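Notes follow the structure.
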Amino acid sequence: MKTATDYSRLAIGVFDSGLGGLSVVKELRKVLPHEDIIYFGDTARLPYGSKSPETIRRFSKENTKFLLDRGVKAIIVACHSASSVALPELEREFSLPIIGVLYPAASAAVKKTRNRKIGVIGTTLTIETGTYEKIIKSLDPKIEIIAKPAPLLVPLVEEGWVKSPVTLQVLKIYLEPLLKEKIDTLLLGCTHYPLLKPAIRKIIKGRVNLIDASLETAAATQKLLSEEKLLNPQKCPGRIKFYFSDLSPQLYLVAQRFLGFELKDVNRASLSE
Ligand code: DGL
């Protein structure tokens, strides 16, 4: 039988539709440098943000089982699209702690807003489910939420066009309706958007608070592991093992943009095995 200390030495499992979840891994490294991480990116089946809730729930269960089979103590659903449709089902079916990206980001936004007007941007799936609205309203029913899908931003980020005038123009089109509504807080409801923070700041010009879900999720994970006495006691830097369901040649370059460092220990994963 495993003791509590044995469990604490297990890795944290993280999954996403592809590479965007690496923005969460980047923040995890800062707050939990001694934790081992097993990352699964479902690159063969991305994007998740334009698919149906049923399909994403099925994929999310498969991804969770894949990580469990590798021995993890907690799982982070580092994908807004998956978190918005699959979290309750995963929590019902699996007995380990499961952390989604929506709740940490929503509660940070609720704490930050002064005028009670929060803007949310995300994939079509994330916005259409209305899960962000539900969570924010459950925390403060008086808050007004203006939520808009911003589907063009994911391919622009993957292309590395984070400073391009084209991206700035697209961002303006997406953000202007939210700014017109006088939001004072903007929640970045997609794994890819943290890379657009400098471009977004040019548009919001210090008038609006930015909520980075990757950062908030890493902080929530640190809190949860500490409360559950699951922090890894090892003193050496944690290792990261990466699995992807497809390994394309450009994956390494795009992944490095999210992570800020080079990927090592990269493995191809087959979910059917
Ligand atoms: N990871 C997804 C999300 O945060 C964005 C990419 C996709 O659509 O698969 O919603």
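It should be emphasised that the depicted structure is a prediction, and the values quoted were computed from it without experimental measurement. Note that the numbering runs from 1 along the sequence shown for the chain. Counting starts at 1 for both ligands and their atoms, following the listed order.
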Hey, can you tell me if F66 and Y243 have their rings parallel, tilted or perpendicular (30° and 60° cut-offs)?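 F66 and Y243: perpendicular rings.
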If you count the atoms of ligand 1 from 1 in the order shown, which ones are under 4.0 Å from a heavy atom of Y48?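 So the answer, numbered in order with elements, is 7 (C), 8 (O), 9 (O).
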In terms of atom number and element, which parts of ligand 1 are under 4.0 angstrom from non-hydrogen atoms of C190?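 Contacts of ligand 1 toward C190, numbered from 1: 3 (C), 4 (O), 5 (C).
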For ligand 1 and A78, I'd like to know whether there is a polar contact (N/O to N/O, distance under 3.5 Å).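 A78 vs ligand 1: no N/O contact under 3.5 Å.
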Please say whether S50 places an N or O atom under 3.5 Å from an N or O atom belonging to ligand 1.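 Between S50 and ligand 1, no N or O pair is found under 3.5 Å apart.
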[X] bridged to [Y] by N-O distance under 4.0 Å:
X    : Y    : result
K223 : E227 : yes
E144 : R116 : no
E62  : R45  : yes

Check for a donor-acceptor pair, side chain of S245 on one end and backbone N or O of T43 on the other, with a separation under 3.5 Å.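 Indeed, once roles are kept as given, a pair shorter than 3.5 Å links the two residues.
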Report yes or no: does R29 contribute a side-chain atom to a donor-acceptor pair with the main-chain N or O of G238 at less than 3.5 Å?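 Yes, because the side chain of R29 sits within donor-acceptor range (under 3.5 Å) of the backbone of G238.
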How far is [atom] from its nearest protein heavy atom, and which residue and atom is that?
atom                    : value
atom 8 (O) of ligand 1  : G49 N, 2.8 Å
atom 6 (C) of ligand 1  : S17 OG, 3.6 Å
atom 10 (O) of ligand 1 : S81 OG, 2.6 Å

Which part of T123 is near ligand 1, with near meaning a heavy atom under 4.0 Å away: side chain, backbone, both or neither?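 Looking at T123 and ligand 1, just side chain atoms fall under 4.0 Å.
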Please work out, at 4.0 Å between heavy atoms, whether the side chain, the backbone, both, or neither of D16 comes within that distance of ligand 1.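 Side chain only.
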When you compare the side chains of S17 and D42, does any donor N or O come within less than 3.5 Å of an acceptor on the partner?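 D42 and S17 do not have a side-chain donor-acceptor pair below 3.5 Å.
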Any luck finding a side-chain donor-acceptor pair between D36 and Q234 under 3.5 Å?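 The criterion, which ignores hydrogens and geometry beyond distance, is satisfied for Q234 and D36.
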Decide whether the shortest distance between a heavy atom of C79 and an atom of ligand 1 is less than 4.0 Å.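 It does; at least one heavy atom falls under 4.0 Å.
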Applying a strict 4.0 Å limit to heavy atoms, is G18 in contact with ligand 1?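 The answer is no, since G18 has no heavy atom less than 4.0 Å from ligand 1.
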